[in-house]
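In what follows, residues are counted from 1 in the order of the sequence shown. Given the structure is predicted, the values throughout are model-derived calculations rather than measurements.
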Amino acid sequence: MKPVIGITAAHELEKGPNNDGDGRVFTNRLYCECIAAAGAVPIIIPHQAAIEDVIPLIDGLLIPGGDDIDAAHFGEANHSKVNLAEPARYPFEASLLKSMPEEAPILGICYGAQAVNIFFGGNLVQHIPDVTGNDSHSAGTVQSYRIEPDSRLCDIVGKSTAEGKTYHHQSNDRPGDGLRAVAWSDDGVVEAIEGLQRWILGVQWHPERTPESEDTQRIFSEFARQARQYGASRRA
């Protein structure tokens, strides 16, 4: 039986002249394609879903990219360059994270890596150019990342470096409780975090944007393997 991976959705309200509209619930198709290619079943989870109904359905949770999380969630005022995600998104994802069994794997990508870190008590660099003096992380260019040799991520990709496309102006700063930083760009920006005990991985780059990459395939394959293992154990 294939494992089921829940992917949290973004929401967009298309307002009409009377402040109404149907809007949409969506995610980038590449997340679904990478999950399916890894041998799992992707399902999209909207904010309207009841947490208690979702948890029994999924064997793993993917929190994908998106706009910025309100800094109030980590006790700060928003930077002037912040482009806020819809207000209901992070609270819903935080509720999901709170309810996920510790044995279930969690993968966060870009916004998702930040959401995981904030949930566990970490904080963010709200605008990377303030620290690095340039905006190279938001250009969609391919970057190389240094990986901590003694890390889950290093075991997954099989080496102490990785490459990926970058589309972010924020990044994780202080790791949350039970997390640690395990990858960095050349300018010192934190590019990946992982759980000290639980199978939690957050990557700041977008592996789904390079589906042909061996690094990408190894990340999604291991995520799916962990979900398959967890799903088999809970159904036994």
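Put simply, the side chain of Val41 does not reach to within 4.5 Å of the side chain of Pro3, judged on heavy atoms. In this structure, Asp173 and Leu124 have side chains that are not in contact, with every pair of non-hydrogen atoms separated by 4.5 Å or more. Contact annotation: the side chain of Glu194 never approaches that of Leu179 to less than 4.5 Å [non-hydrogen atoms, C-beta and beyond]. Side-chain contact between Phe120 and Arg198: present, with at least one pair of heavy atoms (C-beta onward) separated by less than 4.5 Å.
Hydrophobic clustering (ILVMFWY, side-chain heavy atoms < 4.5 Å, transitive): Ile63 and Ile55 are in one cluster. Both Ile58 and Ile51 are part of a single hydrophobic cluster, where members link through side-chain heavy atoms under 4.5 Å apart. Hydrophobic clustering, with ILVMFWY side chains joined whenever heavy atoms are under 4.5 angstrom apart, groups Val131 together with Val189. Clustering ILVMFWY residues whenever any of their side-chain heavy atoms sit less than 4.5 angstrom apart, transitively, puts Leu97 in the very cluster that holds Ile43. Under the 4.5 Å side-chain heavy-atom criterion for ILVMFWY residues, a single connected hydrophobic cluster contains both Val4 and Leu57.
Taken from CZ in Phe119 to CD1 in Ile106, the straight-line distance is 8.0 Å, to the nearest 0.5 Å. If you take CG on Leu84 and OH on Tyr90, they are separated by 14.0 Å, rounding to the nearest 0.5 Å. Rounding to the nearest 0.5 Å places CG of Asp130 at 9.0 Å from NZ of Lys81. Atom SG of Cys154 is separated from atom NZ of Lys159 by 9.0 Å, given to the nearest 0.5 angstrom. Taking CG of Leu61 as the reference point, atom CD1 of Ile45 lies at 6.0 Å (rounded to 0.5 Å). With rounding to the nearest 0.5 angstrom, the OG1 atom of Thr166 is 5.5 Å from the CD atom of Glu191.
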Stepwise side chain to side chain contact (heavy atoms under 4.5 Å, CB included) check, Ser233 with Glu103: CA-CA 9 Å; Ser233 68; Glu103 300 80 9; 5.7 Å; no
Does Asn123 form a side chain to side chain contact (heavy atoms under 4.5 Å, CB included) with Ile118? I'd like the steps, not just the answer. CA-CA 6 Å; Asn123 70 336; Ile118 292 169; over 6 Å; no
Candidate pair Val25 and His47, rule side chain to side chain contact (heavy atoms under 4.5 Å, CB included), full reasoning: CA-CA 9 Å; Val25 174; His47 303 165; over 6 Å; no
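Residue Tyr230 is found outside any hydrophobic cluster, as its side-chain heavy atoms come under 4.5 Å of no other Ile, Leu, Val, Met, Phe, Trp or Tyr. Grouping Ile, Leu, Val, Met, Phe, Trp and Tyr residues whose side-chain heavy atoms lie under 4.5 Å apart, directly or via other members, places Val203 in a hydrophobic cluster with Ile5, Ile7, Tyr31, Ile35, Leu62, Leu107, Ile109, Tyr145, Ile147, Leu153, Ile156, Val157, Val182, Trp199, Leu201, Trp205, Ile219, Phe220, Phe223.
For the side-chain hydrogen bond (donor to acceptor under 3.5 Å, both in side chains) test, residues two or more places apart in sequence or in another chain that qualify with Glu33 are Arg29. Residues satisfying the side-chain hydrogen bond (donor to acceptor under 3.5 Å, both in side chains) test with Glu93, not counting sequence neighbours, are Thr8, Arg89, Tyr111. Evaluation of the side-chain hydrogen bond (donor to acceptor under 3.5 Å, both in side chains) rule for His127 yields His169 as partners, not counting sequence neighbours. Taking the side-chain hydrogen bond (donor to acceptor under 3.5 Å, both in side chains) definition, one finds that Glu214 meets it with Arg218, sequence neighbours left out.
Looking only at atom types and distance, the side chain of Asn172 has a donor-acceptor partner in the side chain of Asn117 under 3.5 Å away. Side-chain polar atoms of Gln126 and Glu76 form a donor-acceptor pair below 3.5 angstrom. With no hydrogens or angles considered, a side-chain donor-acceptor pair links Thr216 and Thr210 at under 3.5 Å. In the model, Gln170 has no side-chain atom that pairs as donor or acceptor with a side-chain atom of His168 under 3.5 Å. Inspection of the Gln114 and His73 side chains reveals no N or O donor paired with an N or O acceptor under 3.5 Å. A donor-acceptor pair shorter than 3.5 Å cannot be found between the side chains of His79 and Asp68.
A 6.0 Å sphere centred on CG of Asp187 holds more than 12 heavy atoms belonging to other residues, nucleotides or ligands.
The closest donor-acceptor contact from the side chain of Asp215 to the backbone of Glu163 lies under 3.5 Å. Between the side chain of Ser99 and the backbone N or O of Leu96, no donor-acceptor pair lies under 3.5 Å. Counting only distance, with no hydrogens or angles, the side chain of Asn78 and the backbone of Ala71 share a donor-acceptor pair below 3.5 Å.
The two residues Ser185 and Gln143 make their nearest non-hydrogen contact at CB-OE1, 4.4 Å. Looking at every heavy atom in both residues, Gln197 comes nearest to Arg152 through O-NH2, 4.1 Å. Contact between Val190 and Ser171 at its shortest, heavy atoms only, is O-CB, 3.9 Å. Nearest heavy atom pair, residue Ala49 against residue Val54, reads CB-CG2, 3.6 Å. Taking each heavy atom of Ala38 and Ala224 in turn, the nearest pair found is O-CB, 3.5 Å. In this structure, Trp184 and Glu148 approach most closely via the heavy-atom pair CZ3-N, 4.0 Å.
Ionic pairing of Arg234 and Asp59 is present here: one or more N-O contacts between side-chain nitrogen and carboxylate oxygen are shorter than 4.0 angstrom.
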